[in-house]
Amino acid sequence: MEFKRNIIITGGAGFIGSHVVRLFVRKYPDYRIINVDKLTYAGNLANLADVESMPNYVFVKADVADYEAMLALMRDYHVDGVIHLAAESHVDRSIKDPFTFARTNVMGTLALLQAARVYWESLPERYEGKKFYHISTDEVYGTLPLDGGLFTEETKYDPHSPYSASKASSDHFVRSYHDTYGMPVVVTNCSNNYGPFQFPEKLIPLFINNIRHGRPLPVYGRGENVRDWLYVEDHASAIDLIFHKGRVAETYNIGGFNEWRNIDLIKVLIAAVDRALGNPEGHSLGLITFVTDRPGHDARYAIDSSKLASELGWRPSLQFEEGIERTVRWYLDNQEWMDQVTSGEYQKYYDEMYKGR
Ligand code: NAD
Ligand code: TYD
């Protein structure tokens with residue numbers, strides 16, 4: 001079958017990537033979606049079990065930092081679009097192991113850019129009809145005071161963790177490929193995501209699981225840091241819109257104007273889980289345990305996404321309370337998924353499903 005477009009989505013077996021792959025595979029049956037993922041501890045093909053047999057879906061296990069492999073994929077699949085999500089994504093891990101973050105986030109992005117450049121420049125139409133879309137984070141902007149201000153697309157980069165420094169570096173490389181080679185790129189910086197399929201090292205799934213099992217909830221510092229939360233499917237819908245309609249060489253901030261102090265969010269989460277489990281009100285509040293703060297812990301993130309709203313008409317679809325209810329329900333209903341990812345069992349999924357295909 002001839003496909004209208006051939007799009008590589010990297011990191012498609014991860015949290016956000018799996019929602020983006022699912023959306024594109026289902027919504028665009030005339031696009032071939034090539035999910036390129038190394039399947040690190042954070043990549044789980046079970047996240048995509050509902051689309052893996054679709055005729056417009058292909059999975060390739062590969063490392064984005066492997067330039068030759070990326071170039072071969074570009075050629076083999078006649079790729080005309082890249083949506084790049086593959087990354088090491090957890091701040092606490094970046095503090096312990098910064099090299100892995102530089103390798104995947106910086107060198108991996110560069111290898112992918114160079115492969116796209118070499119392939120697209122070899123074609124008669126060169127960059128016409130092509131797009132390289134890089135998914136980044138609001139953490140590259142650094143931190144805001146607790147009492148005000150928002151990150152706009154003009155905010156100066158000021159990363160503080162090895163994670164955000166590696167993402168900032170990759171963003172610069174992407175923009176340099178537009179300015180130097182004329183590659184049609186777009187970059188988005190999104191706030192904290194939450195929802196189904198998030199690896200339980202991140203605050204929301206970790207705490208839902210701990211509440212369920214009556215385990216302590218380790219709150220860094222005094223729990224006064226502020227994050228701006230967006231339901232993952234709303235991020236995926238913004239990515240869809242920007243991939244198709246975003247202006248080349250532009251940056252768009254993505255967020256839902258939904259700021260929460262960690263400690264307040266944790267109390268909402270406790271109430272939702274206790275309700276769902278039929279526990280009396282306040283039952284799990286005693287699990288809150290204040291622990292030593294994360295080094296370099298950014299005080300506050302808050303995204304101004306008015307450019308995306310006014311230019312492309314994007315709005316988040318879910319109210320936070322509804323998003324949290326849905327998320328809590330999903331993790332409680334999918335204890336098997338949680339047990340698999342926390343035990344490492346999910347790594348076998350690839351061997352059983354894909355080896356020899
Ligand atoms: P995740 O850690 O859940 O998933 C990352 C995926 O990338 C995994 O499937 C992993 O196997 C894959 N991967 C890692 N290294 C790879 C490599 N070298 N080659 C190929 N694949 C590799 O991450 P996520 O939370 O879904 O984040 C996805 C992207 O969105 C990242 O670029 C992240 O910086 C960005 N982002 C995340 C958030 C958030 O709140 N989670 C917010 C804004 C932006
Ligand atoms: P996290 O989910 O790791 O996302 P990020 O660091 O990218 O914002 O953390 C969200 C917030 O929750 C952040 O301020 C750190 C805090 N946090 C805790 O207090 N305890 C925890 O165990 C974790 C994982 C995070």
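Just so you know, ligand 1 is whichever comes first in the structure, and atom 1 is the first atom listed for that ligand. Sequential numbering from 1 along the given sequence is applied to the chain's residues. Atoms considered below: every heavy atom in the structure, side chains included; atoms not considered: hydrogens, waters and symmetry mates. This structure is a prediction, so every number in the text was calculated from the model and none was measured.
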*Test Arg275 against every option in Glu281, Glu325, His283 by the side chain to side chain donor-acceptor pair (under 3.5 Å) rule and name the one that passes.*
Glu325

When you measure from [atom] to every protein heavy atom, which one gives the shortest distance, and what is it?
atom                    : result
atom 15 (N) of ligand 1 : Thr104 CG2, 3.5 Å
atom 21 (N) of ligand 1 : Lys38 N, 3.0 Å
atom 40 (O) of ligand 1 : Asn193 N, 2.9 Å
atom 27 (O) of ligand 1 : Ile16 CD1, 3.8 Å
atom 1 (P) of ligand 1  : Ser89 OG, 3.6 Å
atom 44 (C) of ligand 1 : Ser136 O, 3.2 Å
atom 4 (O) of ligand 2  : Asn192 ND2, 3.4 Å
atom 19 (N) of ligand 1 : Val64 N, 3.0 Å
atom 31 (C) of ligand 1 : Leu85 O, 3.2 Å

Go through the side-chain N and O atoms of [X] and [Y] and say whether any donor and acceptor fall under 3.5 Å apart.
X      : Y      : answer
Tyr157 : Ser164 : no
Thr109 : His134 : no
Ser284 : Asp274 : yes
Glu121 : Tyr127 : yes

*Got an N/O contact under 3.5 Å between Lys202 and ligand 2?*
no

*asked:* So for ligand 2, is Arg227 a polar contact partner (N or O within less than 3.5 Å, distance only)?
replied: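 In this structure, Arg227 places an N or O atom under 3.5 Å from an N or O of ligand 2.
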
*Can Ser18 be said to touch ligand 1, with heavy atoms closer than 4.0 Å?*
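It does not; every heavy atom stays at 4.0 Å or beyond.
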
*Does atom CD of Glu128 have more than 12 heavy-atom neighbours from other groups under 6.0 Å away?*
no

*Mark yes when over 12 heavy atoms from residues, nucleotides or ligands other than Met107 sit less than 6.0 Å from its CE; otherwise mark no.*
no

Where ligand 1 meets [X] - atom numbers and elements under 4.0 angstrom, heavy-atom basis:
X      : result
Ser191 : 42 (C), 43 (C)
Lys167 : 31 (C), 32 (O), 33 (C), 34 (O)
Tyr163 : 33 (C), 34 (O)

*Please state which part of Leu39 comes within less than 4.0 Å of ligand 1, counting heavy atoms only: side chain, backbone, both or neither.*
backbone

*Find out if a path of hydrophobic residues (ILVMFWY) with successive side-chain heavy-atom gaps under 4.5 Å connects Phe24 to Val58.*
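No, it is not one cluster - the side chains of Phe24 and Val58 are not joined through contacts under 4.5 Å.
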
*Establish whether Tyr301 and Tyr163 are linked, either directly or via other cluster members, by ILVMFWY side-chain heavy-atom contacts under 4.5 Å.*
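Different hydrophobic clusters.
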
*Say whether, by atom type as modelled, one donor and one acceptor occur between the side chain of Asp228 and the main chain of Ile303 under 3.5 angstrom.*
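Answer holds: yes.
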
*Is Ala65 in polar range of ligand 1, meaning some N or O pair under 3.5 Å apart?*
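Looking only at distances, the answer is no, because the N/O contact criterion of under 3.5 Å is not met.
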
_In terms of relative ring orientation, are Tyr28 and His244 parallel, tilted or perpendicular, with 30° and 60° separating the classes?_
tilted

Please identify which atoms of ligand 2 are closer than 4.0 Å to at least one heavy atom of [X].
X      : result
Glu139 : 5 (P), 7 (O), 8 (O)
Val91  : 6 (O), 7 (O)
Pro218 : 18 (C), 19 (O), 20 (N), 21 (C), 22 (O)

*Return each pair, listed once, that meets ring pair (Phe, Tyr, Trp, His ring centres under 6.0 Å) where at least one residue sits in residues 221-242; pairs must be two or more places apart or across chains.*
Tyr194-Tyr231

